[in-house]
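Report on the following structure.
Source: prediction; values computed, not measured. Residues: numbered from 1 along the sequence shown.
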Amino acid sequence: MTNDILTAFRRIVPSDRIYTDELRTLGWGTDASFYRQIPQLVIRSDSEEEISQIVKLCKEHHLPYTFRAAGTSLSGQSCTDSVLIVAGKHWEKYELKEDKESGDMSIRLQPGIVGSRVNDILRPYGRVFPPDPASIGSAMVGGIVCNNASGMNCGVHANSDRMLISARLILTDGTILDTGDEASKASFRQSHPEFLKQIEALRDKVRSDEALRIRIHNKYLIKNVTGLNLRPLVAYDDPFDIIAHSIVGSEGTLAFLSEVTMRTLRDYKYKASAMVYFLSMKESCEAVVAMKQLKSGAEDLAMSAEDLMVKSAEMLDYKSLSSVDDPVYLQYKKDVDAGKIEGVEPGDYHHLTAILTETKGITHEQLLEKIAKIKKCLDPFRLYIPVEFTEDPAVYGKYWAIRSGIFPSVGGTRPVGTSCLIEDVAFPIASLPEATVKLQQLIADHGYDDACIYGHAFEGNYHFILNQSFKSESEVKRYADMMNAVARLVVEDYDGSLKAEHGTGRNMAPFVKYEWGEKAYEVMKELKRIFDPEGLLNQGVIFNDDPDCFIKCLKPLPVLDFDFDKVP
């Protein structure tokens, strides 16, 4: 980057918020993924006007740029070797709006506010922020929305796409558009008629192809964040709604999200959870399918919590339980070795699987009714111990702490010099029992003996954790072979999602067309061209012509030989 360009940036942003030194560019070049790219320039922005001028300058000099909030993304979405624009500090404002008639509440948020902080704000009103990723304590709203992150409770019916009301965006030409403001929309109609015309033409093109329209609809019946979000093209007529919702899951490849207005959900007073232990993984998945069919009212995706008998069901395989020293699993091992588990040989502990199940109610009577129906549903299945729901937060809090602690626990036990990788896929719920067993066997067949599978079984969405070394070509090839095998299983056998909630990033970019097919992929590329005609935004993410990009720019993990005994 030339001194003239750097000087131009410093006319926009004070020098103390612009970094070019090796230490800070290295630090900001690292996110939560296993990729690393070192930016030439890091800018900590603090206002819309500043962002607008920065993107205009990048466009003028044809400089690629990437936006970042907290950097908790797991698939390589928030790193770049060009210009990195950080929107964390100074982007933490919010505004609550309550509908007096319905009692519903929405919240307008800037991208730098942490997800758990949003819940702290909403708690006194008995409301919650619908997306609930496991990283909500550090993930910021910008990343949550732009990755369409979901989590343990929100599923498909309450993810960012479904809960978004409007968005305030800064486009690549520096234009600020607020899709929730009539004056802003009127101004945009005057200044960008061609942009709107292209959005409407793409909408009509998709809807005229019945097979494509149905495919798009069906792909979003389960968790799916592979590629750009195509659901808005079939779900909304208004081009401004399409624009706003297209930002969800776009991973910073379309525009900068400066504000978002989201619906909130009621936080139910009465809750209960149970850790249900099954004697086989397949049977645990069959039980999840049975619980998914338990409904007390609405049948569509927008059903409320009171219509769902089961709010969430999280699967933990034996490796997951072992990683957190689950006391029931430890007792199961003793019983296996003592010959107390019929049909299980001593030393064979891999059958036990837990489903952490939660239900909620508006009234205590409703909660008890749901618990009774769930227990009846589980009667036909072989359980290690009887089902016991608890309403005590001190007890069920420990259950959910076990679930939340799996990733860091497994990561903490990885061999020195390896990365702890976490992938997430989704299957149609009816295919869950068969697909889960196949996935577990596939991972083992590639030599990942210490891998574990866990996650949002109620949504057909699993995470699998691998301890992976990239220090040799053979290890890189093993990972590549495994990922290609996973892609074949998910796409060809079950037409599932290769990315359910962690975002496409660099890690799944080569597989987007493979999952979606040529027609849908071309629609994604056209949507990208409308928003970003120069192709400067977050290059290599979602769209990447290099089939091996997912095994390049890997984060180095040198082994340090340090003798603590010699420290004075």
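Enclosure of atom NE2 in His364 by more than 12 non-hydrogen atoms of other residues, nucleotides or ligands within 6.0 angstrom is indicated. Within 6.0 Å of atom OH in Tyr236, more than 12 heavy atoms from other residues, nucleotides or ligands are found, so the atom counts as buried in its surroundings.
Residue Lys185 comes nearest to Leu177 through the heavy atom pair CA-CD1, 4.4 Å, listed as atom of the first residue, atom of the second, then distance. Minimum interatomic distance between Asp132 and Ile136 (heavy atoms only, all atoms of both residues): CA-CD1, 4.0 Å. Across Pro232 and Ser246, no two heavy atoms sit closer than the pair CG-N, 3.8 Å. Contact detail for Ala313 and Met291: the closest heavy-atom pair is CB-CE, 4.3 Å.
Here the side chain of Asn229 pairs a donor or acceptor atom with the backbone of His245 at under 3.5 angstrom. Between the side chain of Lys555 and the backbone N or O of Asp31 there is at least one donor-acceptor pair closer than 3.5 Å. A donor-acceptor distance shorter than 3.5 angstrom exists from the side chain of Thr253 to the backbone of Ser250, with no hydrogens or angles considered. Checking side-chain atoms of Asn148 against main-chain N and O of Ser160 turns up a donor-acceptor pair under 3.5 Å. Judged purely by atom type and a 3.5 angstrom limit, His463 has no side-chain atom pairing as donor or acceptor with the backbone of Ile422. In this structure a side-chain-to-backbone donor-acceptor pair under 3.5 Å is missing from Thr353 to Ser284. Within the 3.5 Å criterion, the main-chain N or O of Ser73 finds no donor-acceptor partner in the side chain of Gln77. With Asp532 contributing its side chain and Leu537 its backbone, the two residues share a donor-acceptor pair below 3.5 Å. The backbone N or O of Ser45 lies less than 3.5 Å from a partner atom in the side chain of Trp91, making a donor-acceptor pair. A donor-acceptor pair under 3.5 Å is absent between the side-chain atoms of Ser312 and the main chain of Asn153, judged by distance alone.
Between atom CD1 of residue Ile402 and atom CD1 of residue Ile406 there is a gap of 8.5 Å, rounded to the nearest 0.5 Å. Atom OH of Tyr19 is separated from atom CZ of Arg24 by 5.5 Å, given to the nearest 0.5 angstrom. Summarising the geometry, atom OG1 belonging to Thr418 is positioned 10.5 Å from atom CG belonging to Leu466; distances are rounded to the nearest 0.5 Å.
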| task | Check the pair Arg231 / Asp161 against salt bridge (charged side-chain N to carboxylate O under 4.0 Å, His left out), numbers first and verdict last. | result | CA-CA 9 Å; Arg231 194 186 78 88; Asp161 189 22; 2.7 Å; yes
| message | Using the rule given for side chain to side chain contact (heavy atoms under 4.5 Å, CB included), can you reason through Phe464 versus Val486, listing the C-alpha separation, both sets of side-chain angles and the distance that settles it, and then say yes or no? | response | CA-CA 11 Å; Phe464 54 95; Val486 168; 4.1 Å; yes
| task | Could you please spell out the steps behind the side chain to side chain contact (heavy atoms under 4.5 Å, CB included) verdict for Ile54 and Ile12? | result | CA-CA 7 Å; Ile54 290 168; Ile12 300 170; 4.1 Å; yes
| request: Start with the C-alpha distance between Leu169 and Ile176, add both sets of side-chain angles, then the distance that settles side chain to side chain contact (heavy atoms under 4.5 Å, CB included), and finish with yes or no. | output: CA-CA 6 Å; Leu169 313 171; Ile176 300 173; over 6 Å; no
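Residues Ser273 and Glu358 form a side-chain contact, since some pair of their non-hydrogen atoms from C-beta on lies under 4.5 Å apart. In this structure, Asn147 and Val225 have side chains that are not in contact, with every pair of non-hydrogen atoms separated by 4.5 Å or more. Residues Leu257 and Ile170 fail the side-chain proximity criterion, which asks for heavy atoms closer than 4.5 Å. Considering only heavy atoms from C-beta on, Ile243 comes within 4.5 Å of Ile199 through its side chain. Contact check for Ile429 versus Phe458: no side-chain heavy atoms found under the 4.5 Å cut-off. You'll find the side chain of Ile121 reaches within 4.5 Å of the side chain of Ile113, heavy atoms only. Val523 is listed as a side-chain neighbour of Leu230, based on a closest heavy-atom distance under 4.5 Å. For the pair Met105/Tyr125, a side-chain contact is recorded, criterion being any heavy-atom separation below 4.5 Å from C-beta on.
Salt bridge Arg17/Asp46: present, at least one basic N to carboxylate O contact under 4.0 Å. Comment: Asp104 does not engage Lys100 in a salt bridge, judged by the lack of any side-chain N to carboxylate O separation of less than 4.0 angstrom. A salt bridge is defined here as a Lys NZ or Arg NE, NH1 or NH2 lying under 4.0 Å from an Asp or Glu carboxylate O, and Lys319 with Asp450 fails to meet this definition.
In this structure, the salt bridge (charged side-chain N to carboxylate O under 4.0 Å, His left out) partners of Lys499, at least two apart in sequence or on a different chain, are Glu423, Asp424.
Within the 6.0 Å centre-distance limit, the rings of Phe511 and Phe550 are counted as a close aromatic pair. Checked against the 6.0 Å centroid criterion, the rings of Phe67 and Tyr65 qualify as a close aromatic pair. Aromatic pair Tyr479/Phe470: centroids less than 6.0 angstrom apart.
Side-chain contact, Thr175 with Asp173: a donor N or O sits under 3.5 Å from an acceptor N or O.
The aromatic rings of Phe427 and Tyr494 stand perpendicular to each other, their planes meeting at an angle above 60°, with 30° marking the opposite boundary.
The side-chain hydrogen bond (donor to acceptor under 3.5 Å, both in side chains) pairs that include a residue from residues 106-123 are Arg108-Asp178, Arg108-Glu259, Arg108-Thr261, Asp120-Arg123, where partners are two or more places apart or lie in different chains.
Checked options His456, Lys223, Arg162, His502; the residue passing with Ser150 is Lys223 (criterion: side chain to side chain donor-acceptor pair (under 3.5 Å)).
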